[in-house]
Number of protein chains: 4
Amino acid sequence: MATDKPGVRQRRKDARPAEMVEAALDVFAERGFAATRLEEIADRVGVSKGTLYLYFESKEALFKAVVEGGFVPALAEGEALLEAGKEDPERLLRELLRGWWDLVGNTRLAGIAKLMIAESSNFPELTEHYRQNVIERGHRLMVAVLELGMARGVFRQQSAELLCHVAFAPMLMASLWRQSFGMCCKEDMNYDDYIALHLDMLMHGLLQEKTQ
Amino acid sequence: MATDKPGVRQRRKDARPAEMVEAALDVFAERGFAATRLEEIADRVGVSKGTLYLYFESKEALFKAVVEGGFVPALAEGEALLEAGKEDPERLLRELLRGWWDLVGNTRLAGIAKLMIAESSNFPELTEHYRQNVIERGHRLMVAVLELGMARGVFRQQSAELLCHVAFAPMLMASLWRQSFGMCCKEDMNYDDYIALHLDMLMHGLLQEKTQ
Amino acid sequence: MATDKPGVRQRRKDARPAEMVEAALDVFAERGFAATRLEEIADRVGVSKGTLYLYFESKEALFKAVVEGGFVPALAEGEALLEAGKEDPERLLRELLRGWWDLVGNTRLAGIAKLMIAESSNFPELTEHYRQNVIERGHRLMVAVLELGMARGVFRQQSAELLCHVAFAPMLMASLWRQSFGMCCKEDMNYDDYIALHLDMLMHGLLQEKTQ
Amino acid sequence: MATDKPGVRQRRKDARPAEMVEAALDVFAERGFAATRLEEIADRVGVSKGTLYLYFESKEALFKAVVEGGFVPALAEGEALLEAGKEDPERLLRELLRGWWDLVGNTRLAGIAKLMIAESSNFPELTEHYRQNVIERGHRLMVAVLELGMARGVFRQQSAELLCHVAFAPMLMASLWRQSFGMCCKEDMNYDDYIALHLDMLMHGLLQEKTQ
DNA sequence: AATGAATGAGAATTCATTCAT
DNA sequence: TATGAATGAATTCTCATTCAT
């Protein structure tokens with residue numbers, strides 16, 4: 001019907017910048033910042049090169065939009081998890097790490113993490129911004145969980161700061177692996193088994209021995 | 001003496017390609033492949049851009065030389081360690097991981113790992129080559145140690161394949177972190193404490209309970 | 001009242017093309033043809049870029065409208081002056097030059113003269129058109145005055161053609177100066193004094209008369 | 001001979017930037033800054049576009065080199081003239097103005113003057129630099145001559161500052177005319193006659209002396 | 001072996017112009 | 001009539017690569 005057309009148009013128009021950011025994330029993550037041609041992003045969205053400039057001032061601005069637009073929802077979800085699950089730190093920690101995998105590490109958002117690692121020295125201010133607003137925030141979330149577990153006597157006493165890195169590292173690595181070597185080999189590792197093993201190992205190392 | 005000069009020159013001349021690879025590693029690791037200008041590499045070595053082409057066919061060839069030239073010595077060292085230390089798998093595993101940190105993760109060689117992760121999709125054949133000749137080889141080394149430990153009854157029975165990834169991930173992450181976010185913040189984490197914690201956690205999770 | 005609105009609108013609507021030409025004149029004169037963005041003109045008028053194309057076929061057409069629309073009234077005024085003031089050639093010449101300053105040289109119309117000088121080789125046909133219809137017409141006007149003065153014995157016998165250029169040059173220069181260097185320096189010259197001096201010089205000459 | 005070759009090369013190599021500035025002057029003067037394509041300049045010199053960037057950082061830098069490289073010799077010549085000719089101010093003034101025509105107004109250097117007038121508002125800092133270092137310097141030169149003449153009682157007492165502009169304006173106008181309307185009409189005015197008339201007028205005045 | 005001037009293909013960016021609403 | 005989103009041709013600028021010396 002005639003009345004649908006404006007609606008469709010409107011939705012498309014409003015969706016454009018978001019589509020662009022999504023396409024840009026894919027290409028940036030695949031190629032890196034410098035090797036990405038704006039034309040490829042434009043092609044994926046189905047617009048012309050010039051159209052990108054209606055929404056983003058420059059290639060760098062688009063890159064920043066990709067990075068900055070990425071994580072807030074996932075972080076918010078994690079913080080909600082923390083509030084809801086304080087009675088069982090072990091389960092909370094498991095859910096947090098698995099949740100990260102499902103919401104970030106195993107999605108296109110993972111590309112942002114890869115990008116920030118690869119491009120950090122080319123975009124120092126952006127890196128600093130990211131570190132403060134994404135990494136630091138996620139870090140505090142995990143530290144809170146770990147300290148909760150220690151306070152409850154469920155986890156062994158350790159430096160929560162370092163433990164946080166140690167516990168998270170295998171998750172991030174799995175994500176980076178999936179985006180690099182994982183893409184080029186037929187029979188890649190089974191990530192769910194990998195994560196299960198990591199969580200198992202982590203808990204073995206982390207939990208107080210009940211019998212002692 | 002006059003007779004020394006040609007000798008010195010000769011040595012320098014012979015050292016040229018190696019110097020170039022070293023400088024290239026630094027710049028590639030800092031900027032990524034596409035964002036690296038050959039001129040910057042040439043400047044660091046103190047030669048002209050054209051000279052690079054006397055030794056390397058192209059930018060890509062230089063990149064490959066960087067990647068391929070990097071790990072052989074470190075891997076050989078690791079394999080020697082394995083031969084020498086079969087009587088104590090726990091100690092062997094600790095030495096292997098710490099050794100990787102000292103010989104790779106905490107040196108400029110770490111840049112190669114970062115590079116391969118970032119550029120894998122831009123260089124599929126190189127990535128495949130790297131995966132087979134570096135990763136796979138290192139992987140087999142660790143798997144051997146883990147299986148040794150399991151066979152001896154020192155380590156719990158687990159999938160050695162996955163365990164290998166889990167055990168190595170925190171090491172690699174530390175290295176990537178050092179090269180990215182670590183470079184931009186004043187008070188970075190203490191990597192030695194981090195590694196000690198990781199090893200401690202790993203052994204807690206890994207070792208058979210003696211009392212059981 | 002509601003009935004007023006359409007009226008107002010209508011008037012505005014009719015005025016649109018003229019407003020556009022005025023704004024275009026300002027921007028073209030400030031930036032030159034190539035460096036002028038149609039968007040800036042549209043912004044000054046308060047319409048969208050597309051609206052310009054309802055009234056002008058192209059950027060070039062707008063430029064031509066600017067040039068062609070500018071001078072007719074001023075020239076007509078000059079020609080009227082000639083008809084009315086034939087009895088006093090000296091006064092007529094003074095009025096003509098001052099009149100040009102007040103109606104053209106010191107107004108935004110001056111921008112057109114600057115434009116035509118700057119852009120002549122980019123728009124040969126327009127230049128030719130301008131030369132024939134504006135310059136030539138003004139030239140004939142001044143030649144008429146000068147020849148009148150010579151015929152009356154008030155002016156020395158000279159080539160009226162060349163004299164016309166000589167007499168007009170300082171006026172045009174003042175106008176160009178005002179639009180270029182005059183705009184960038186705090187304490188610019190006093191144009192009225194300048195013109196007075198020019199007229200004085202023109203009428204009386206530089207050198208002391210030896211016979212006086 | 002073989003020994004000539006390096007010499008020829010050397011000369012060519014050293015001459016390159018100067019050739020580029022010359023070609024750039026021509027094209028900039030013909031088209032204006034924005035409408036000039038670097039490719040056209042490169043073509044005229046017989047080099048590739050990229051070669052321009054070996055010598056000039058940007059289009060703007062090349063433009064600045066054109067403007068700044070132009071006038072020093074001519075100004076120096078004028079200042080030498082002043083030193084040599086103080087005993088006859090009238091002749092000195094004539095020589096100065098004719099000299100400007102022969103060295104600047106009637107040469108490709110004239111293009112710079114046209115450029116500065118046309119582009120002043122696009123390059124405010126360059127305009128200011130030009131005003132101070134070229135215009136002001138030339139201005140002082142003429143003011144010195146005029147004041148010398150007044151001090152000697154050869155010239156009537158006038159504001160030397162304004163007089164300077166008045167006396168110079170017809171010269172500059174001739175130059176601008178030659179570069180614009182003069183180029184597009186078959187039978188252009190005779191510039192030598194024009195200059196002679198201007199000098200004559202300047203020296204003797206327009207009006208008949210009533211006492212003669 | 002070494003140089004560095006020159007190249008030219010390729011990418012980002014701009015903007016006059018079009019067109020569906 | 002008016003809009004403004006979209007286009008794509010054109011232009012500046014970069015840099016890997018070549019080659020004469």
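Chain A is the first sequence line, chain B the second, and so forth, proteins listed ahead of strands; every chain is numbered from 1. Keep in mind the model is a prediction, meaning the values are calculated, not measured. Just so it is clear, the values below take in all heavy atoms, side chains as well, and ignore hydrogens, waters and symmetry mates.
Protein atom CG of D:D43 is 13 Å distant from nucleotide atom C1' of E:dG8, rounded to whole Å. For the pair D:L38 CG and E:dG8 P, the interatomic distance rounds to 16 Å; values are reported in whole Å. Distance D:F56 CZ to F:dC13 P: 13 Å, rounded to the nearest Å. If you measure from atom CZ of C:R31 to atom P of E:dC15, you get 11 Å, rounded to the nearest angstrom. Between the P atom of F:dT18 and the OH atom of B:Y53 lies a distance of 7 Å, rounded to the nearest Å. Rounded to a whole Å, the NZ atom of B:K59 is 15 Å from the P atom of F:dT14. One atom, CD of C:E19, and another, C1' of F:dA2, lie 14 Å apart when rounded to the nearest Å. Atom CG in B:L52 sits about 13 Å away from atom P in E:dG4, given to the nearest Å.
The residue among C:G46 and A:M20 whose nearest nucleotide of DNA chain F lies closer to the 5′ end is C:G46. For the pair C:V47 and B:R37, both in contact range of DNA chain F, the more 5′-proximal nearest nucleotide belongs to C:V47. Each of B:G50 and D:G50 was assigned the nucleotide of DNA chain E with the nearest heavy atom; the assignment lying further toward the 5' end belongs to B:G50.
For the pair C:R16 and F:dT1, the criterion of a side-chain N or O lying under 4.0 Å from OP1 or OP2 is not met. Between A:S48 and F:dG8, a side-chain N or O to OP1/OP2 separation shorter than 4.0 Å is absent. At E:dA6, one or more side-chain N or O atoms of D:Y55 fall inside 4.0 Å of OP1 or OP2 (strictly under the cut-off).
Using bins of under 30°, 30° to 60° and over 60° for the plane-to-plane angle, the ring pair D:F33/D:F123 lands in the perpendicular bin.
A:E30 and A:R44 are joined by a salt bridge, as a carboxylate oxygen and a charged side-chain nitrogen come within less than 4.0 angstrom of each other. Of the charged side-chain nitrogens involved, at least one lies within less than 4.0 Å of a carboxylate oxygen, so that C:E40 and C:R31 count as a salt-bridged pair.
Nearest to the side-chain atoms of C:T51 among the listed nucleotides F:dT11, F:dT7, F:dA2 stands F:dA2.
Side-chain atoms of B:T36 come within 3.5 Å of backbone N or O of B:G32 as a donor-acceptor pair.
A donor-acceptor contact under 3.5 angstrom links the side-chain atoms of C:K49 to the base of E:dT17.
Within 6.0 Å of CD on A:E128 lie more than 12 heavy atoms contributed by other residues, nucleotides or ligands.
Nucleotide F:dA20 forms a Watson-Crick or G-U wobble pair with E:dT3, both donor-acceptor distances falling under 3.5 Å.
Across all strands, D:L54 comes closer than 4.0 Å to base atoms (heavy-atom distances).
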